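One-based numbering along the sequence shown. Atom set for the values below is all heavy atoms of this structure, side chains included, hydrogens, waters and symmetry mates excluded. Note that the coordinates shown come from a computational prediction; the quantities given were computed from them, not determined experimentally.
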Amino acid sequence: RSNQPDKAVEVFQLMQQQGIRPNEVTYTSMINAFARSNQPDKAMEMFQLMQQRKARPGIITFNTLMSAFLGVGQRDRALAVWASMRAAGLKPNPSTFRLLKQLGVAA
C-alpha cells in the first residue's frame with residue numbers, strides 16, 4: 001500500500017471512473033503514499049489537485065505533506081506548508097508539534 005504509489009494512483013483513478021468523488025481522506029491517503037515513497041513533488045501535486053477540486057485539506061493532510069518534505073530533507077518546503085496551514089486557520093495537533101520540533105520551530 002504505502003510503498004506502492006502506482007497501485008494507489010490506479011485505485012484513485014478507478015474510483016473516479018466509477019463516479020466516486022475523492023474526499024479529504026482519499027487525497028490524504030494519496031499524499032501519504034507519495035510521502036512514504038519519497039516523492040514529495042507528487043505529494044504536492046496531489047495536494048494542489050485537492051485544492052483545485054475544492055476538497056478542504058485538514059490538519060492531517062497538512063501534517064502528511066510537511067512530513068513528505070521533511071522525509072527528503074526539504075526543510076524550506078515543509079516550513080512553507082506550515083505557513084499555509086497557519087494561513088488556513090488550522091490549529092496544530094500533537095503530530096504537528098512533533099514535526100515543528102524536527103524543524104526547530106516553536107508553534
Side-chain angles (χ1 to χ4, degrees):
R1 293 175 323 194
S2 62
N3 292 327
Q4 299 176 339
D6 293 341
K7 184 69 172 168
V9 169
E10 185 181 319
V11 172
F12 182 77
Q13 291 172 340
L14 184 61
M15 286 174 55
Q16 292 175 86
Q17 290 168 4
Q18 297 295 321
I20 301 168
R21 188 171 180 215
N23 62 18
E24 179 189 354
V25 173
T26 311
Y27 284 110
T28 302
S29 295
M30 291 299 301
I31 292 166
N32 189 48
F34 290 125
R36 289 182 176 265
S37 62
N38 295 324
Q39 297 182 59
D41 291 332
K42 292 208 180 241
M44 178 55 92
E45 287 173 21
M46 188 60 61
F47 181 79
Q48 290 169 337
L49 179 64
M50 177 183 193
Q51 292 180 309
Q52 289 168 7
R53 292 187 176 170
K54 309 296 184 211
R56 250 183 109 185
I59 188 74
I60 295 171
T61 309
F62 280 98
N63 286 345
T64 304
L65 190 57
M66 283 175 59
S67 182
F69 290 121
L70 272 173
V72 295
Q74 294 182 7
R75 185 179 184 279
D76 290 347
R77 292 181 78 188
L79 287 169
V81 174
W82 163 239
S84 296
M85 187 182 97
R86 290 179 61 194
L90 295 173
K91 303 256 188 249
N93 68 11
S95 294
T96 312
F97 287 117
R98 280 191 293 278
L99 291 164
L100 292 173
K101 187 176 179 182
Q102 290 176 39
L103 285 166
V105 173

I need the [X] [atom1] to [Y] [atom2] distance, nearest 0.5 Å.
| X | Y | atom1 | atom2 | result |
| --- | --- | --- | --- | --- |
| T26 | Q16 | OG1 | CD | 9.0 Å |
| E45 | Q52 | CD | CD | 10.0 Å |
| R56 | Y27 | CZ | OH | 15.5 Å |

- Donor-acceptor pair, Q102 side chain versus L70 backbone, under 3.5 Å?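 Absent.
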- Message: Tell me if a side-chain donor or acceptor on R75 pairs with a main-chain N or O of L103 at a distance below 3.5 Å.
- Response: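 Indeed, once roles are kept as given, a pair shorter than 3.5 Å links the two residues.
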For the residue pair [X] and [Y], what are the closest heavy atoms and their distance?
| X | Y | answer |
| --- | --- | --- |
| M50 | P57 | CE-CA, 3.4 Å |
| R53 | P22 | NH1-CG, 4.4 Å |
| S37 | P5 | OG-CG, 3.4 Å |
| K91 | I59 | O-CD1, 3.2 Å |
| N63 | S95 | ND2-CB, 3.6 Å |
| V81 | F62 | CG1-O, 3.6 Å |

- Between D41 and R77, is a side-chain contact (heavy atoms from CB on, under 4.5 Å) present by the stated rule, with each step listed? CA-CA 10 Å; D41 291 332; R77 292 181 78 188; 2.6 Å; yes
- Query: Do we see a donor-acceptor contact under 3.5 Å between the side chains of N32 and S29?
  - Reply: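 No pair is found: no donor N or O on one side chain lies under 3.5 Å from an acceptor on the other.
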Does a side-chain heavy-atom distance below 4.5 Å link [X] with [Y]?
| X | Y | answer |
| --- | --- | --- |
| T61 | T64 | no |
| F34 | V9 | yes |
| T96 | W82 | yes |
| L65 | M85 | no |

- Any chain of hydrophobic side-chain contacts (each under 4.5 Å) joining V11 to I20?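 Yes, V11 and I20 fall within the same hydrophobic cluster.
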- Item | CD1/I60: more than 12 non-hydrogen atoms of other groups inside 6.0 Å |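 Not buried by this count: 12 neighbours or fewer within 6.0 Å.
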- Item | Residues K7 and E10 bridged, charged N to O under 4.0 Å |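 Yes, K7 and E10 are salt-bridged.
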